[in-house]
Amino acid sequence: MKAMMLRTLVPMALLFTMLSCSSDSSDENNVPNSTLVENYDYNPTELDLMRIINEHRQSVNLPILQPINHISYKSEEHNEYMIENNVVNHAFFEERSQNLIQVLGAVKVNENVAYNYQTPQAALHAWLQSPGHKANIEGDFTHFGISVRTSPETGRKYYTNMFIKK
C-alpha cells in the first residue's frame, strides 16, 4: 500500500514542480525590453531595506551596492504579479534577467523574494538564514534594486530584491 501511494505521489509532485517553475512567456513586463526606467519612487520600507543590506555587506567587508531605479521597477513589476496571482515565486525571472542584461548591460543577475515579513529587518534576517539568499546578498554584485509592496486584499508584504553585476 505504501509503495503504491509513493508511485502515485512522486509523479504528481514532479508534475507540480515542473509546472510551478514554468518559464511561459507573459505580459508581466509592461515596458518594452529596450526602455530604461529612470524614475522610481522609493517608500520608506524599501529605503530601509537597501540601507540594512548595505550595512550587512559592509559588516562582512564587502562593497556597498548602488541602487538602480530600473532594477527596482522590474522588482516592483514582479511584486505586482505575485500579489495579483496570490503566489510567491521567481516566475518570469529569465525575462527580468534578460531585460537587465539588455537595458543595463548586466553580466550577472540574481533575485531574492520574500513574503509576509512585517519589517525589512525580519526579511533580511530570513534571507541571511538561507544559504542561497545569503549568497545573493553577499555575492559579487555591483548594483541592486528593491521593491516592497503590500497586498490590498491581505495586508501582507511582498519583497523582491534583484542584484546585478555590471
Side-chain angles (χ1 to χ4, degrees), residues 20-21 23 28-31 33 35-166:
S20 68
C21 295
S23 62
E28 174 191 359
N29 302 326
N30 297 325
V31 176
N33 282 346
T35 302
L36 173 66
V37 176
E38 295 185 42
N39 298 314
Y40 185 85
D41 188 20
Y42 291 95
N43 66 46
T45 302
E46 293 163 337
L47 293 170
D48 196 26
L49 186 54
M50 285 191 297
R51 179 185 57 77
I52 64 175
I53 286 172
N54 274 330
E55 285 175 357
H56 173 77
R57 286 181 60 90
Q58 286 180 309
S59 77
V60 293
N61 297 315
L62 293 169
I64 65 169
L65 301 172
Q66 297 301 315
I68 295 180
N69 293 341
H70 186 80
I71 302 171
S72 295
Y73 180 81
K74 298 311 284 183
S75 298
E76 179 182 53
E77 283 184 333
H78 187 56
N79 278 345
E80 290 171 358
Y81 165 83
M82 291 192 296
I83 289 169
E84 181 178 313
N85 292 282
N86 197 29
V87 296
V88 180
N89 61 30
H90 296 280
F92 310 107
F93 171 74
E94 187 61 32
E95 286 85 345
R96 287 187 299 286
S97 177
Q98 286 303 311
N99 178 274
L100 299 179
I101 290 166
Q102 181 183 2
V103 174
L104 299 175
V107 296
K108 180 179 171 184
V109 180
N110 280 31
E111 173 180 88
N112 287 349
V113 298
Y115 164 74
N116 203 27
Y117 291 97
Q118 295 307 307
T119 66
Q121 293 80 4
L124 177 60
H125 178 76
W127 282 333
L128 293 175
Q129 299 308 304
S130 162
H133 294 103
K134 182 177 181 179
N136 289 341
I137 290 169
E138 296 179 356
D140 182 24
F141 297 103
T142 56
H143 297 82
F144 68 159
I146 290 175
S147 172
V148 181
R149 291 293 174 263
T150 303
S151 168
E153 291 180 16
T154 66
R156 294 182 175 145
K157 292 183 180 178
Y158 289 75
Y159 297 76
T160 299
N161 180 198
M162 297 188 74
F163 306 86
I164 72 165
K165 179 176 183 174
K166 284 181 106 176

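Scope of the values below: all heavy atoms of this structure, side chains included, with no hydrogens, waters or symmetry mates.
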| Do Leu62 and Asp140 pass the side chain to side chain contact (heavy atoms under 4.5 Å, CB included) test, and can you show the C-alpha distance, the side-chain angles, and the key distance before you say yes or no? | CA-CA 9 Å; Leu62 293 169; Asp140 182 24; over 6 Å; no
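- Closest heavy-atom contact between Ser72 and Gly145: OG-CA, 3.3 Å.
- Residues Tyr40 and Ile68 have side chains not in contact (no heavy-atom distance under 4.5 Å, counting atoms from C-beta outward).
- Ser97 contributes no side-chain N or O that, together with a main-chain N or O of Glu94, makes up a donor-acceptor pair within less than 3.5 Å.
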| request: Begin with the C-alpha distance, continue with both residues' side-chain angles, and end with the deciding distance and a verdict on side chain to side chain contact (heavy atoms under 4.5 Å, CB included) for Thr154 and Asn116. | output: CA-CA 10 Å; Thr154 66; Asn116 203 27; over 6 Å; no
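- We find the NE2-CD1 distance between His56 and Ile137 to be 6.5 Å, quoted to the nearest 0.5 Å.
- Between atom NE2 of residue His78 and atom CE of residue Met162 there is a gap of 8.5 Å, rounded to the nearest 0.5 Å.
- Note on ring orientation: taking the six-membered ring where Trp is involved, the planes of Phe93 and His90 are perpendicular (angle over 60°, cut-offs 30° and 60°).
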| query | Ser75 and Ile146: side chain to side chain contact (heavy atoms under 4.5 Å, CB included), yes or no, with the steps? | reply | CA-CA 6 Å; Ser75 298; Ile146 290 175; 5.9 Å; no
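- Between Met50 and Pro67, the shortest heavy-atom distance links the atoms SD-CB, 3.7 Å.
- The backbone N or O of Asn136 sits nowhere less than 3.5 Å from a side-chain atom of Asn110 that would complete a donor-acceptor pair.
- Closest approach of Asp41 and Glu46 over heavy atoms only: O-OE1, 4.0 Å.
- Proximity of a side-chain donor or acceptor of Tyr159 to a complementary backbone N or O of Tyr117 within less than 3.5 Å is detected.
- Shortest non-hydrogen contact noted between Tyr158 and Ile83 is CD1-CG1, 3.3 Å.
- Distance alone, capped at 3.5 Å, places no donor-acceptor pair between the Asp48 side chain and the Pro44 backbone.
- Rounding to the nearest 0.5 Å places CG of Leu104 at 15.5 Å from NZ of Lys165.
- Panel note: side chain Trp127, backbone Val113; a donor-acceptor pair is recorded below 3.5 Å.
- Environment of CD in Gln129: crowded, with over 12 heavy atoms of neighbouring residues, nucleotides or ligands closer than 6.0 Å.
- Checking side-chain atoms of Thr150 against main-chain N and O of Arg156 turns up no donor-acceptor pair under 3.5 Å.
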| query | Does the pair Arg149 and Asn43 meet the rule for a side chain to side chain contact (heavy atoms under 4.5 Å, CB included), with working shown? | reply | CA-CA 9 Å; Arg149 291 293 174 263; Asn43 66 46; 3.0 Å; yes
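- When atom types are taken as modelled, the side chain of His70 and the backbone of Val37 share a donor-acceptor pair closer than 3.5 angstrom.
- Asn89 places a side-chain N or O within 3.5 Å of a backbone atom of Ala91 that can act as its donor or acceptor partner.
- Of the inter-residue distances, the one linking Ile64 atom CD1 with Thr142 atom OG1 reads 11.5 Å to the nearest 0.5 angstrom.
- How far CD1 of Ile71 is from CG of Leu100: 5.5 Å, rounded to the nearest 0.5 Å.
- Both the sub-6.0 Å distance and the 45° axial angle are satisfied by Lys108 relative to the ring of Phe141.
- Side-chain N/O atoms of His133 and Asn161 include no donor and acceptor closer than 3.5 Å.
- From Met82, atom CE reaches atom OG1 of Thr160 across 3.5 Å, with rounding to the nearest 0.5 Å.
- Side-chain contact between Val103 and Thr35: absent, with no pair of heavy atoms (C-beta onward) separated by less than 4.5 Å.
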